[in-house]
There are 2 protein chains.
Amino acid sequence: MPDSRSAARPATTAVRYGSRPTMKDVAARAGVGLKTVSRVVNGEPGVTADTESRVRAAIEALGFRRNDSARILRKGRTASIGLVLEDLADPFYSPLSRAVEEVARANGSLLFAGSSAEVPEREEELALALCARRVDGLVIVPASDDHRYLEPEIAAGIATVFVDRPASRIEADAVLTDNAGGARTAVAHLIAHGHRRIGFIGDRPHIHTADERVRGYREAMAAHGLAVREEWVSMGGTAPERVRAELERMASGPEAITALFSGNNRVTVTAVRVLSEHDRPIALVGFDDFELADLLRPGVTVIAQDPARLGRTAAELLFRRLDGDTAPPQRVELPGRLIPRGSGELPALQH
Amino acid sequence: MPDSRSAARPATTAVRYGSRPTMKDVAARAGVGLKTVSRVVNGEPGVTADTESRVRAAIEALGFRRNDSARILRKGRTASIGLVLEDLADPFYSPLSRAVEEVARANGSLLFAGSSAEVPEREEELALALCARRVDGLVIVPASDDHRYLEPEIAAGIATVFVDRPASRIEADAVLTDNAGGARTAVAHLIAHGHRRIGFIGDRPHIHTADERVRGYREAMAAHGLAVREEWVSMGGTAPERVRAELERMASGPEAITALFSGNNRVTVTAVRVLSEHDRPIALVGFDDFELADLLRPGVTVIAQDPARLGRTAAELLFRRLDGDTAPPQRVELPGRLIPRGSGELPALQH
DNA sequence: CTAGGGCTAGACAACGTTGTCAACAAGGGC
DNA sequence: GCCCTTGTTGACAACGTTGTCTAGCCCTAG
């Protein structure tokens, strides 16, 4: 049923298909002023019960819903935060996203989420698009190695917290796992089980987590007086073919490794696959836990991060900043935890 | 360095900390009109190279970035869509989210993402919050069983596509997997391997996918002339304790099942865990594929959905609607695919 | 020399909301 | 009976952008 009063109003407020009623329409229908509608909608005091019920009836009748775009423009705060991560579909980041979302929700914010696909330009594009939307804050898993592009945004008041990897070339909050420490623990564990020739396959160099983990690996080897042969160390993508080729190379020849420390989730999965086809058992410790790791035979020993906690911690820090915490940028490091399940406890089989 | 001209301007546009320069500021600095700045920012024609470079210099100097909130208010379209799903952290929905995001990106839109946690009120709250933000469209994995609350929003032009489960009590686009068909395939597969006593453990009743899968199970049993004993069928949550108890019950006694069809991902994982402790082998086919299913011994036979394709199809349909496709609501069904890996091919061991 | 056309540029209103402020009525104290 | 307080209400500007419309300029054709 078309609104019979629309003819009396200027053409611009006529009810068109696809256009929604505004507070003005509600006010006209209820026979009150615009501001009174605003008061009712926002639960502000100073409206009599009688007026309020008339307004509510009009809201109901017209199917009015406040336009938050306009509200945002007026109020300045958008009640939304942005999350930029590497890949929404990566099982490691799923709990992280969810944790960030929960904290946002608890703080009355909505979440914009996007994937950088590990492409620096895409991270920048996404982050700046979110800034243009005037999100209140950003949680970023960096893909870029230069975050100076964010300086004007941060100066303008967009709170920014980096997670999983630190920001580059700017000072900013970061919530990280102690990657080097976790790697040292992993390698020490293998050494304790008698291994001396331990390989490492990790993600591409210059990715902070990858660099830290290889650093921890080298430190642990050095701390135990073991030499690292460069053919035991491979940094590159996590593509299965690459990992397979590298592992097969390391596991053959007279100086074959007896144990592998795999630098992340996806490398570990491929390594498990390759090793399951291999005749001579090779011990394995992986960085990052994954579902069903305990069901494989042998179970896969891992250094577990807590991605949900990473996300929660980062988001909570973000909202503290939004609440006015102006302490200098801080770096929070969460520990990794060794979970022995069998694959890391295989003895060092000489040949 | 504070803008020296700010003193000459009214106090409301003075440069405050945390407030960003607007087109007005840029115009003043470049000595041009407001609209000219708008033209430059939006790449509209009708600006001389000289003027344009002055404007660009001012933009650069002030660190101006267009406020998209204002733009949205003015233009009506928000260039953003909302995604409401059950759980961002669920590995099944991760590729779906990512696919939706990719399509949104290809169409120049940003993505709001949120989890309903399978709570109907939360779905509604989230969806309506997104509507208040005037997202252009919504992709929803329903948790609610009454979507009439969306009627005014859809009438007002917010395109809505349901995915994984259909909408309830309204007509709307939906992109689904052929759950009943997949279930029939799974059960027929077990029957073909000699099983007669086949159990089913699924998610809570009234969840569409759960209902469809149990329906397919019953149909396949009936089609092969097999009776279904009600103690072989269990619908309820996916909580590991529940699944464990039900499965242990079904697998014991004189009428113990020889095969299980598990109704989803999480049930399957628990079932694998329980069966691995079990002495007598029980065949297993699970609905939903999962990473590493092939690495377990035996490999887990599954009916694989393609969550990325579900997401992509839904998002593409959404953007077709946004582009003006006004065909009646349609339901797209994607097939499930049987992947035999061993666990479903175990023979029916009588005792 | 002038009319007209093409181009650049800016003034102004509008998007839908919220904050400020003033108007007005009712009630109470003197 | 008057002033002041309290409470309810609405007019108006402002948020930062874009669409419309018009003014002014230079150039060319008649």
Side-chain angles (χ1 to χ4, degrees), chain A residues 9-16 18-55 59 62 64-79 131-134 156-157, chain B residues 9-16 18-28 30-55 58-59 62 64-79 131-134 156-157:
Chain A
R9 276 177 280 140
T12 50
T13 45
V15 174
R16 301 181 308 274
S19 86
R20 310 199 52 149
T22 70
M23 286 190 178
K24 202 160 146 188
D25 301 314
V26 174
R29 169 133 191 164
V32 302
L34 180 57
K35 181 65 214 205
T36 301
V37 177
S38 171
R39 275 191 267 259
V40 170
V41 170
N42 293 293
E44 290 171 23
V47 182
T48 58
D50 177 57
T51 311
E52 174 168 347
S53 69
R54 277 214 321 282
V55 171
I59 288 176
L62 294 176
F64 167 81
R65 192 165 330 270
R66 182 178 61 199
N67 183 332
D68 275 358
S69 292
R71 169 169 232 254
I72 284 164
L73 175 61
R74 187 61 234 255
K75 302 205 76 146
R77 280 241 166 157
T78 58
C131 289
R133 294 292 175 102
R134 297 294 188 268
Chain B
R9 275 178 281 138
T12 50
T13 46
V15 173
R16 300 182 309 274
S19 85
R20 310 200 52 150
T22 71
M23 286 191 177
K24 202 160 147 189
D25 301 314
V26 174
V32 302
L34 179 57
K35 180 67 214 206
T36 301
V37 177
S38 171
R39 275 192 266 260
V40 171
V41 169
N42 292 293
E44 290 170 22
V47 181
T48 58
D50 177 56
T51 311
E52 174 168 348
S53 69
R54 278 215 319 282
V55 171
I59 287 175
L62 295 175
F64 167 81
R65 192 165 331 268
R66 181 178 63 198
N67 182 332
D68 275 357
S69 293
R71 168 170 233 253
I72 284 165
L73 176 61
R74 187 61 233 255
K75 302 205 78 145
R77 280 241 165 157
T78 59
C131 290
R133 293 294 174 103
R134 297 293 189 271

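Reminder, nothing fancy here: chain letters follow the sequence lines and each chain counts from 1.
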| field | Within residues 70-77 of chain B, residues whose heavy atoms come under 4.0 Å of DNA chain C | value | Leu73(B), Arg74(B)

With sequence neighbours excluded, tell me which residues meet salt bridge (Lys or Arg N to Asp or Glu O under 4.0 Å) with [X].
X	result
Arg66(A)	Asp68(A)
Arg39(A)	none
Glu52(B)	Arg56(B)
Arg134(B)	none

| task | For Asn42(B), answer base if it contacts any base atom (sugar-phosphate contacts may also be present), sugar-phosphate if it contacts only those atoms, and nothing otherwise; contact means non-hydrogen atoms under 4.0 Å. | result | sugar-phosphate

| Which part of the nucleic acid, if any, lies within reach of Val41(A) when heavy atoms closer than 4.0 Å are counted: base, sugar-phosphate only, or nothing? |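 Since no nucleic acid heavy atom lies under 4.0 Å of Val41(A), the category is nothing.
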
| field | Ser38(A) side chain near dT18(C) phosphate (N/O to OP1/OP2, under 4.0 Å) | value |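 Yes, Ser38(A) has a side-chain N/O under 4.0 Å of OP1/OP2 on dT18(C).
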
| Reckon Thr36(A) has a side-chain N or O less than 4.0 Å from the OP1 or OP2 of dT9(D)? | no

| query | Which residues satisfy the side chain to side chain donor-acceptor pair (under 3.5 Å) test with Ser53(B), sequence neighbours excluded? | reply |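 So Ser53(B) forms no side chain to side chain donor-acceptor pair (under 3.5 Å) with any residue.
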
| field | Counterpart residues, side chain to side chain donor-acceptor pair (under 3.5 Å), relative to Arg65(B) (two or more places apart) | value |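 Expected list: Glu153(A).
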
| query | Of all the choices, dT20(C), dT17(C), dG19(D), which nucleotide is nearest to the side chain of Lys35(B) once you look at every atom? | reply | dG19(D)

Heteroatom pairs (N/O) under 3.5 angstrom, protein to nucleotides 21-24 of chain C:
none

| field | the helix from dC1(C)-dG30(D) to dC30(C)-dG1(D): angle between end helix axes, five pairs per end, rounded to 10 degrees | value |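 Roughly 60°, once rounded to the nearest ten degrees.
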
| field | Residues that Arg77(A) engages under side-chain contact (heavy atoms from CB on, under 4.5 Å), provided they are two or more places apart | value | Asp136(A), Leu322(A)

Between the protein and nucleotides 4-8 of chain C, which nitrogen or oxygen pairs come in under 3.5 angstrom?
none

| Checking Asn42(B) side chain against Glu44(B) main chain: does a donor-acceptor pair fall under 3.5 Å? |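 Looks like no, no N/O pair under 3.5 Å.
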
